[in-house]
Undergrad: 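What follows is a single structure, and I will ask about it in a moment.
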Amino acid sequence: MQHPVGPPLPPAHPPMPAVPPPGPEATGHFPSPGAAHAVAEAAATAAVAVLLIGPAGAGKTTVARHWADTRRVPTAHVSLDDVREWVRSGFADPQSGWNDHSEAQYRLARRTCGFAARNFLANGISCILDDAVFPDRPVVGLGGWKRHVGPGLLPVVLLPGLEVVLERNAERTGNRRLSDEEVARIHGRMAGWYGSGLPIIDNSQQDVATTARLLDDVVARSLTGR
């Protein structure tokens, strides 16, 4: 979901590797094959709730669907944009301006997504949600998501480079396609996630399947405390 632009953009941040490439541990030793297998199993089979965050054109929905489709355990995908669009007559399009009406519909959609995620988890089904959460706007921040889904929610940021985001946005149609200026502003505001401590995946050069595998790595590290 895209929200109106706020204050001027902060300076661009240099790319940061979100998921480091495989390599030796700080001790100089590689993890044993058994340990690596255990980590992979944890990511593939655990019931988890993931919140995929990113700007328009980051590939959130595509990656979320692929990840849910290819896990070995039942996994649901819930897109906040899709839930918002359940409102037909009287739909408050945030691209037309952020106001009390659009905020109320956003809050209702987020709460609905949170209830759905909790119900899936209670029945042993994982869930991945996607939303454009800005680090500088508490009203659309992580607090609401954690309240509705629970403390076990795992936020992950999907943040490719601006050129890639612009190319992907150009392929969109309808109200999901934004102007280049709006995409650039949203992307710039997402840079605030650097330094937040959240895992960040730069999928500029990664296809959907590879990005989903990187997401598995993030989930496994979270579950195993690595």
Side-chain angles (χ1 to χ4, degrees), residues 1-19 49-61 63-64 78-84 92-114 117 128-166 168-169 172 175-204 215 218 222:
M1 179 183 64
Q2 316 312 328
H3 307 295
V5 179
L9 298 180
H13 289 243
M16 293 178 61
V19 180
V50 175
L51 174 63
L52 201 58
I53 298 167
K60 299 186 299 297
T61 299
V63 170
V78 181
S79 170
L80 186 134
D81 276 346
D82 290 344
V83 173
R84 273 185 59 85
D93 188 348
Q95 293 183 37
S96 301
W98 188 254
N99 52 43
D100 290 345
H101 193 37
S102 55
E103 181 178 326
Q105 289 190 5
Y106 170 81
R107 288 179 181 274
L108 175 60
R110 184 177 59 189
R111 188 162 62 248
T112 302
C113 291
I128 182 166
L129 310 106
D130 65 79
D131 182 23
V133 180
F134 293 121
D136 59 343
R137 293 194 64 182
V139 70
V140 286
L142 291 179
W145 279 112
K146 290 181 178 178
R147 283 194 304 274
H148 297 312
V149 179
L153 180 70
L154 174 60
V156 180
V157 181
L158 197 62
L159 191 56
L162 177 58
E163 290 185 4
V164 173
V165 167
L166 288 170
R168 293 174 182 171
N169 178 68
R172 292 180 163 196
N175 65 359
R176 297 291 178 98
R177 180 172 179 173
L178 306 179
S179 68
D180 286 354
E181 293 78 10
E182 184 75 1
V183 170
R185 287 177 178 272
I186 292 172
H187 185 274
R189 290 175 64 187
M190 288 289 171
W193 288 118
Y194 286 117
S196 68
L198 295 185
I200 299 176
I201 297 175
D202 180 348
N203 61 328
S204 300
L215 180 57
V218 170
S222 173

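What you see is a predicted model; the values in this text were computed from it and never measured.
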Undergrad: Of all heavy-atom pairs between Pro160 and Arg168, which one has the smallest distance, and what is that distance?
TA: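 Heavy atoms only, the tightest pair is CG-NH1, 3.7 Å.
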Undergrad: For the residue pair Ile186 and Val165, establish whether any side-chain heavy-atom pair is separated by less than 4.5 Å.
TA: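 Side-chain contact under 4.5 Å: no.
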Undergrad: Minimum heavy-atom separation for Arg84 and Gln105, please, with both atom names.
TA: NH1-C, 3.5 Å
Undergrad: Are the side chains of Leu51 and Leu142 in touch, meaning some heavy atoms are under 4.5 Å apart?
TA: yes
Undergrad: Tell me, do Val218 and Ile201 make a side-chain contact under 4.5 Å, heavy atoms counted?
TA: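 Yes; the side chains approach each other to less than 4.5 Å.
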Undergrad: Quick check: does any side chain N or O of Lys60 sit under 3.5 Å from a backbone N or O of Leu52, one acting as donor and the other as acceptor?
TA: no
Undergrad: What's the separation between atom CG in Asp81 and atom CG in Asp130, rounded to the nearest 0.5 Å?
TA: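 Asp81 CG to Asp130 CG: 7.0 Å, rounded to 0.5 Å.
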Undergrad: With heavy-atom distances below 4.5 Å as the criterion, would you say the side chains of Arg189 and Asp136 are in contact?
TA: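 In contact.
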Undergrad: Is the backbone of Leu108 close enough, under 3.5 Å, to the side chain of Thr112 for a donor and an acceptor to pair up by distance?
TA: yes
Undergrad: Any idea which heavy atoms bring Phe134 and Trp193 closest together, and the distance?
TA: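 That would be C-CZ2, 3.9 Å.
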Undergrad: Please name the pair of heavy atoms, one in Val149 and one in Ala49, separated by the smallest distance, quoted to 0.1 Å.
TA: CG1-CB, 3.9 Å
Undergrad: Return the minimal non-hydrogen interatomic distance between His187 and Leu162, and the atom names on each side.
TA: NE2-N, 3.5 Å
Undergrad: State, with a plain yes or no, whether a side-chain heavy atom of Leu80 is found less than 4.5 Å away from one of Tyr106.
TA: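 Contact flag for Leu80/Tyr106 side chains = yes.
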Undergrad: Can you tell whether the side chains of Arg107 and Glu103 come within less than 4.0 Å, N to carboxylate O?
TA: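 Salt bridge flag = yes for Glu103 with Arg107.
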Undergrad: Which pair of non-hydrogen atoms, one from Gly161 and one from Ser204, has the smallest distance, and what is that distance?
TA: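 Heavy-atom minimum between the residues: N-OG, 2.7 Å.
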Undergrad: Distance-only, no hydrogens or angles: does the Asn99 side chain make a donor-acceptor pair with backbone N or O of His101 under 3.5 Å?
TA: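 Checked: pair present.
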